[in-house]
Novice: 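Let me give you the structure first, and then I'll get to my questions.
Letters A, B, ... mirror the listed sequences (proteins, then strands); counts begin at 1.
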Amino acid sequence: MVEKPSRTHYASDITPERDGERAELLGWVHEVRDLGGIKFILLRDVSGICQITVRKKELGERAADEIKDLGFEDVIWVRGVVKRQPKARLGVEVVGEEIRVLAKAERPLPYDITGKVPANIDTRLDHRVLDLRKPENKAIFLIASTALKAIREFLRERGFIEVRTPRIIATATEGGAALFEVNYFGRKAYLAQSPQLYKEQLTTVFERVFEIGTFFRAEESHTRRHVSEFTSVDIESAFMDYRDVMEVLENLIAHVHRRVLEERERELNLIGVELEVPKTPFPRYSYDELVEELRGMGEDIEWGQDFGTPHLRRLGEAHKGYYFITDFPTESKPFYIQPRRDKPEVSESFDLMYEWLELASGGTRISDKALLERRIREQGLNPESFKEHLKVFGYGMPMHAGWGLGFDRLMMVLTNRWNIREVILYPRDVFRLTP
RNA sequence: GCCCUGGUAGUAUAGUCCGGUUAGUAUACGGGCCUGUCGAGCCCGUGACCCGGGUUCAAAUCCCGGCCAGGGCGCCA
């Protein structure tokens, strides 16, 4: 049987106030500085990093021998005494009495994780697990974990039920976006690009539903904000319109900021981010207003055409922070978006922007079966392939609205990262399928 | 899918325009010295021009093709 090592303290428990306590720690060798007669080991565990100091003379022969060859990322067990130490940067250290190497790491490691030499994103992703051990990279995902928790607690408090919809589907949900094909027992199937139709159906059961899930797009995008596998936060609610769900969304975003600030101050400091809770309500601008604004800037834009990236970048310069774009032309939106009754050429729709980055998109959905069928046809799609979905609209479909939020993009904003791949543990894009 | 830029030790880079000694530096790695380091320091050492073709007396350097990477556009979250 493998001997189970014991632990009495985590690295973050090693504080000057605990001077004199006996401690046993487990972790990875983050750094070693060997001065000959004295050796400093930085031990890293899930909680953080602490300094272990060992004096060769005071250490037994066996223990001294054990750590003679200590290298980066070796797993060690340490027993010693906590000592207040003004000479150490953290003001405290553990004077090691016994050290055992539990697992050796190979060397040289593919790249330096202490940050002395930078690495390209590609190299980092090739050795992702090592990369994630860097405290500032780990911090991103601790923040993500808090953000996910905050989203769940916020939505549950407001009566939303967490659901899970299929990833393997028979037909394209919205047309347009390229889907990955799957061989499903000899039949053609696809990986879901969104839970859209399922979450709409489920509002007739649970009224308010949400899902946090992974979805897929087979677009060959070469940008720093697109990947082929991404995490989406989706909500859908019966008896709400787009104004109602925009309110849910902006309050959710503010709540996530608040929680991350409360629980991840240390991680935010580590990555050098000064987060603020955004003021609600977020500014709302209609598509029409922004078309005028862009024209005022000298941009050539035809009414009805969706904003291109250059347009969004200009808008992002003019509008800092979060804002909504509302009432998009019906033509530019998916078939299930409700056209405005008073002005059918625009729709009850919105995008949530952070400067130039699109974070979420949503709207009131069509609940009238005949209208939905007509819209499917108008978009050049075949109602026959949506018959499973359409039949639900004959069973009593209330008005409803919802949105989908790109969680990874929200993480880019929260952590101020340049590339979406940095906020995904194991990103998948056109070129990357491993690790 | 289209466009731009790039590929030099494990990692990150200089050198490439304007072809010509031993391809420089940092870090990592190996050896040595060192009892207060915290980007530890000092000495010694190992280690690289993406692949193929062409031009040339001579190619890391110029040309062509391929592969790989970063990014922009399109599309979208």
Novice: Name every residue in residues 281-307 of chain A that has at least one heavy atom under 4.0 Å from any atom of RNA chain B, in order of residue number, or write none if there are no such residues.
Specialist: none
Novice: Where does the angle between the aromatic ring planes of A:Phe180 and A:Phe216 fall among parallel (under 30°), tilted (30 to 60°) and perpendicular (over 60°)?
Specialist: perpendicular
Novice: What N/O pairs connect the protein and nucleotides 1-4 of chain B at under 3.5 Å? Give each pair on its own line.
Specialist:
from: B:G1; atom 1: OP1; to: A:Glu220; atom 2: OE1; distance (Å): 3.3
from: B:G1; atom 1: OP1; to: A:Glu220; atom 2: OE2; distance (Å): 3.1
from: B:G1; atom 1: O6; to: A:Glu220; atom 2: O; distance (Å): 3.2

Novice: Rounded to whole angstrom, note down the P distance from B:G24 over to B:U16.
Specialist: 15 Å
Novice: Mind checking the P distance from B:A14 to B:A9? Whole angstroms is fine.
Specialist: 12 Å
Novice: Can you give each donor-acceptor pair under 3.5 Å made by side-chain atoms of residues 265-282 of chain A, sequence neighbours left out, with the distance rounded to 0.1 Å?
Specialist:
from: A:Arg266; atom 1: NH1; to: A:Ser47; atom 2: O; distance (Å): 3.0
from: A:Arg266; atom 1: NH2; to: A:Ser47; atom 2: O; distance (Å): 2.8
from: A:Asn269; atom 1: ND2; to: A:Glu265; atom 2: O; distance (Å): 3.4

Novice: Do A:Phe72 and A:His30 have ring centroids that are under 6.0 Å from one another?
Specialist: no
Novice: For atom P, what is the distance between B:C75 and B:C29, given to the nearest Å?
Specialist: 49 Å
Novice: What does nucleotides 7-15 of chain B look like as a protein-contact string, B for base, S for sugar-phosphate only, - for none, at under 4.0 angstrom between heavy atoms?
Specialist: ---SBSS--
Novice: For RNA chain B, which residues in residues 404-413 of chain A have a heavy atom at a distance below 4.0 Å?
Specialist: A:Arg409
Novice: C1' atom, B:G70 versus B:C18: distance in rounded Å?
Specialist: 28 Å
Novice: Would you measure the distance from the P atom in B:G71 across to the matching atom in B:A48 and give it in whole Å?
Specialist: 29 Å
Novice: Does A:Arg224 make a side-chain N or O approach to OP1 or OP2 of B:G70 shorter than 4.0 Å?
Specialist: no
Novice: Does a sphere of radius 6.0 Å around NZ in A:Lys188 hold more than 12 heavy atoms from other residues, nucleotides or ligands, not counting ones at 6.0 Å or beyond?
Specialist: no
Novice: Could you list the donor-acceptor pairs under 3.5 angstrom formed by side chains in residues 131-145 of chain A, with sequence neighbours left out?
Specialist:
from: A:Asp131; atom 1: OD1; to: A:Tyr111; atom 2: OH; distance (Å): 2.6
from: A:Asp131; atom 1: OD1; to: A:Arg124; atom 2: NE; distance (Å): 2.9
from: A:Asp131; atom 1: OD1; to: A:Asn137; atom 2: ND2; distance (Å): 2.9
from: A:Asp131; atom 1: OD2; to: A:Arg124; atom 2: NE; distance (Å): 3.2
from: A:Asp131; atom 1: OD2; to: A:Arg124; atom 2: NH2; distance (Å): 3.2
from: A:Asp131; atom 1: OD2; to: A:Arg128; atom 2: NH1; distance (Å): 2.6
from: A:Arg133; atom 1: NH1; to: A:Glu73; atom 2: OE1; distance (Å): 2.7
from: A:Asn137; atom 1: OD1; to: A:Arg124; atom 2: NH2; distance (Å): 3.4
from: A:Asn137; atom 1: ND2; to: A:Asp131; atom 2: O; distance (Å): 2.9
from: A:Lys138; atom 1: NZ; to: A:Asp45; atom 2: O; distance (Å): 3.3
from: A:Lys138; atom 1: NZ; to: A:Val46; atom 2: O; distance (Å): 3.3

Novice: Any protein N or O atoms within reach of nucleotides 44-49 of chain B? Criterion: under 3.5 Å, listing atom names and distances.
Specialist:
none

Novice: For residues 323-333 of chain A, which side-chain N or O atoms pair as donor and acceptor with protein atoms under 3.5 Å away, sequence neighbours left out?
Specialist:
from: A:Tyr323; atom 1: OH; to: A:Glu355; atom 2: O; distance (Å): 2.9
from: A:Asp327; atom 1: OD1; to: A:Tyr242; atom 2: OH; distance (Å): 3.4
from: A:Asp327; atom 1: OD2; to: A:Tyr242; atom 2: OH; distance (Å): 2.9
from: A:Asp327; atom 1: OD2; to: A:Arg340; atom 2: NH1; distance (Å): 3.0
from: A:Thr330; atom 1: OG1; to: A:Pro344; atom 2: O; distance (Å): 2.7
from: A:Thr330; atom 1: OG1; to: A:Glu345; atom 2: O; distance (Å): 3.2
from: A:Thr330; atom 1: OG1; to: A:Val346; atom 2: N; distance (Å): 3.4
from: A:Thr330; atom 1: OG1; to: A:Val346; atom 2: O; distance (Å): 3.1
from: A:Ser332; atom 1: OG; to: A:Pro329; atom 2: O; distance (Å): 3.0
from: A:Lys333; atom 1: NZ; to: A:Asp351; atom 2: OD1; distance (Å): 3.3

Novice: In whole Å, measure the gap between the P atoms of B:U56 and B:C63 for me.
Specialist: 16 Å
Novice: Identify whether any heavy atom of A:Glu93 sits under 4.0 Å from a base atom; if not, whether one sits that close to sugar-phosphate; answer base, sugar-phosphate or nothing.
Specialist: base
Novice: Holding to side-chain contact (heavy atoms from CB on, under 4.5 Å), I want the full list of residues that pass it with A:His226, two or more places apart in sequence or in another chain.
Specialist: A:Ser221, A:Thr223, A:Arg409
Novice: Can you work out whether A:Gly308 or A:Pro86 has the more 5'-proximal nearest nucleotide on RNA chain B?
Specialist: A:Pro86
Novice: Going by heavy atoms closer than 4.0 Å, what residues in residues 133-154 of chain A are next to RNA chain B?
Specialist: none
Novice: Just to be sure I understand the rule, does A:Arg89 reach a base, reach only the sugar-phosphate, or reach nothing, if contact means heavy atoms closer than 4.0 Å?
Specialist: base
Novice: Just call it for A:Leu35: base, sugar-phosphate, or nothing, with non-hydrogen atoms closer than 4.0 Å on any strand.
Specialist: base
Novice: Return the set of residues passing side-chain contact (heavy atoms from CB on, under 4.5 Å) with A:Asp300 (not counting sequence neighbours), or none when no residue passes.
Specialist: none
Novice: Just how far, in rounded Å, is C1' of B:U37 from CG of A:Leu90?
Specialist: 13 Å
Novice: Which pairs with one or both residues in residues 206-216 of chain A pass side chain to side chain donor-acceptor pair (under 3.5 Å), sequence neighbours excluded?
Specialist: A:Thr165-A:Glu211, A:Arg167-A:Glu211
Novice: Does A:Tyr322 have its ring centroid less than 6.0 Å away from the ring centroid of A:His257?
Specialist: yes
Novice: Determine the interatomic distance between P on B:G52 and the same-named atom on B:C67; round to the nearest Å.
Specialist: 15 Å
Novice: Using a 4.0 Å heavy-atom cut-off, does A:Ala360 contact any base of the nucleic acid, only the sugar-phosphate backbone, or nothing at all?
Specialist: sugar-phosphate
